[in-house]
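Shown next, in structure tokens, is the structure this report addresses.
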Protein chains: 2
Amino acid sequence: MATARELAEQHGWDAVTTRQLAERIEYSQPVLYSHFRGKREIIGAVALDGATEMAAALRAATAAAAGPRARVTALARAYLDFAARNPAVYDAMFQLDGGLAFAHEDTPPPLKDAFAALLETLAEVAGDGVHPGLFTELFWAALHGLATLTRAGRLPPEYAEHRVELLVDRLAVL
Amino acid sequence: MATARELAEQHGWDAVTTRQLAERIEYSQPVLYSHFRGKREIIGAVALDGATEMAAALRAATAAAAGPRARVTALARAYLDFAARNPAVYDAMFQLDGGLAFAHEDTPPPLKDAFAALLETLAEVAGDGVHPGLFTELFWAALHGLATLTRAGRLPPEYAEHRVELLVDRLAVL
DNA sequence: AGCAGATGCTAGCACTGCTAGACATCCGAG
DNA sequence: CTCGGATGTCTAGCAGTGCTAGCATCTGCT
């Protein structure tokens, strides 16, 4: 898993072939298949790992901020920062097919927890009469859009900070 | 191009192999390479085609609505509707690597025009002192996040409409 | 009639994820 | 002290991928 993640961050997921991976861990290919059902499951494992890490990063960022507005801003920045610093892991979580279930009762705990980390901070700024879960989904979608479009070169990176401020200003009810 | 799009919509982009494609158009593989430099360019061509179509769909939706609020809501619905109805084309535009340039001066006209279609309607609700382009980028990112996360099964589809309403309520200044 | 360019094909390369079957090695029962 | 089975690993190979080199054929101009 660690090697897959490392390889993906260095040369992109395209470079993470079973042969490359096997060579790096100094085993032959079939050994991989006695630990994972296939490449998809390797991606899924990296994704779960990343989800745990992201949840921790989000909580650390919000804990260090005082007041609802500062917390939400810190949350958004931490999210986008995580996506920018760990593009391969972010891809494994949300872009690639890791065979993971979302928004079901059988969603793996790390994923649920990452969503919970968002919810904890966002619930207090959802506004009256707005379901916190729904608000979190919307806020998350906006962050996800910013993260993916920016990294894919679809949005110029210069004004990233302005977009975050606008996002918090408009979405959060303070 | 039409065959590639058809095949992608029916069985996903994974099924769009040069062999499959060649067989469907009743030619051999190498013929594809005398029209396109590679598979990437085929995806790019489908993407450009889709961008033109999307721009038209967005303009048609907003033209039929009266008042800023109705226009923005119609725009958002039309965008998400397009993504839901043409998942393969949407993927070609924003998810896959079609070798297209974004946010540069050499961005292909259809892509610029699709962004312009968003800008036309969103500029009037950006709010005072907010750059219309920046606002459009943020709104677009939110829509993109909703579209991709919903289709990937990351967001439950039941409350899609509520999310759109919340998005318009919060982001647009009316 | 003969040539040139366009147009298409067959065959093949290097790569992908994945698997069957053989081979070693070790551990515990008799 | 032997030996059967479990365990772990490997080599070799399959079917499929994007892409290309090189050869055939057909068309239209001179």
Side-chain angles (χ1 to χ4, degrees), chain A residues 1-50 86-102 108 152-153, chain B residues 1-50 86-102 108 152-153:
Chain A
M1 270 176 53
T3 307
R5 177 171 173 173
E6 200 179 303
L7 203 51
E9 294 291 7
Q10 282 175 7
H11 304 99
W13 276 105
D14 279 353
V16 184
T17 69
T18 55
R19 282 171 178 78
Q20 271 281 344
L21 199 47
E23 190 178 351
R24 290 254 180 154
I25 61 176
E26 292 184 315
Y27 281 94
S28 67
Q29 286 173 277
V31 171
L32 295 171
Y33 291 86
S34 56
H35 295 273
F36 300 96
R37 236 171 266 190
K39 193 184 175 182
R40 161 183 313 203
E41 212 170 276
I42 298 177
I43 295 172
V46 172
L48 288 188
D49 204 43
N86 309 281
V89 174
Y90 194 84
D91 278 348
M93 291 171 68
F94 300 126
Q95 213 85 1
L96 303 175
D97 180 15
L100 303 176
F102 278 79
Chain B
M1 272 175 52
T3 306
R5 177 171 174 174
E6 200 180 305
L7 203 52
E9 293 291 8
Q10 283 177 4
H11 305 99
W13 276 104
D14 279 352
V16 184
T17 68
T18 55
R19 282 170 178 76
Q20 271 281 341
L21 199 48
E23 190 179 351
R24 288 253 183 154
I25 61 175
E26 293 184 312
Y27 281 93
S28 69
Q29 287 172 278
V31 171
L32 294 172
Y33 291 85
S34 56
H35 292 78
F36 300 96
R37 237 172 265 190
K39 193 184 175 180
R40 160 183 313 202
E41 212 170 275
I42 297 177
I43 296 172
V46 171
L48 288 188
D49 204 43
N86 310 280
V89 174
Y90 194 83
D91 278 347
M93 290 171 68
F94 301 125
Q95 214 84 355
L96 303 174
D97 180 15
L100 302 176
F102 278 80

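Residue numbering restarts at 1 for every chain, and letters A, B, ... go by the order of the sequence lines.
- Nucleotide C:dT16 holds its P atom 14 Å from the CD1 atom of A:I43, rounded to whole Å.
- Residues A:H35 and A:V31 form a side-chain contact, since some pair of their non-hydrogen atoms from C-beta on lies under 4.5 Å apart.
- If you check distances only, the side chain of B:R19 never reaches the base of D:dG16 with a donor-acceptor pair under 3.5 Å.
- Atom CG of B:L21 is separated from atom C1' of D:dC19 by 14 Å (rounded to the nearest Å).
- The side chain of B:Y27 lies closest to C:dC9 when the candidates are C:dT19, C:dC18, C:dC9.
- One N or O on the side chain of B:E9 and one on the backbone of B:A88 form a donor-acceptor pair closer than 3.5 Å.
- Remark: C1' of C:dC9 and CD of B:E26 are 15 Å apart, rounded to the nearest angstrom.
- Counting to the nearest Å, the C1' atom of D:dT7 and the NE2 atom of A:H35 are 12 Å from each other.
- Taking 4.5 Å as the limit, some side-chain heavy atom of B:L48 sits within range of a side-chain heavy atom of B:L100.
- B:G38 approaches B:Y33 most closely through the heavy-atom pair CA-CE2, 3.9 Å.
- Distance CZ (A:R40) to C1' (C:dC18): 14 Å, rounded to an integer number of Å.
- Between A:R37 and A:T17, the residue whose closest nucleotide on DNA chain C is further toward the 5' end is A:T17.
- One finds no side-chain N or O of B:T18 lying less than 4.0 angstrom from the OP1 or OP2 phosphate oxygen of D:dC19.
- For A:E23 and C:dC15, the CD to C1' distance is 14 Å, given to the nearest whole Å.
- The nearest pair of heavy atoms linking B:V46 to B:M1 is CG2-O, 3.9 Å.
- Phosphate proximity of D:dT9 to A:S28: absent, as no side-chain N or O sits under 4.0 Å from OP1 or OP2.
- Side-chain N/O atoms of A:Y33 include none lying less than 4.0 angstrom from OP1 or OP2 on C:dT19.
- Toward the 5' end of DNA chain D, the nearer of the two residues A:P30 and B:G38, judged by each one's closest nucleotide, is A:P30.
- Spacing between atom CG of A:L32 and atom P of C:dG17 amounts to 10 Å, rounded to whole angstrom units.
- Between the C1' atom of D:dG16 and the NZ atom of B:K39 lies a distance of 12 Å, rounded to the nearest Å.
- At a cut-off of 3.5 angstrom, counting only N and O atoms as typed in the model, there is no donor on one side facing an acceptor on the other between the side-chain of A:Q29 and the base of D:dC10.
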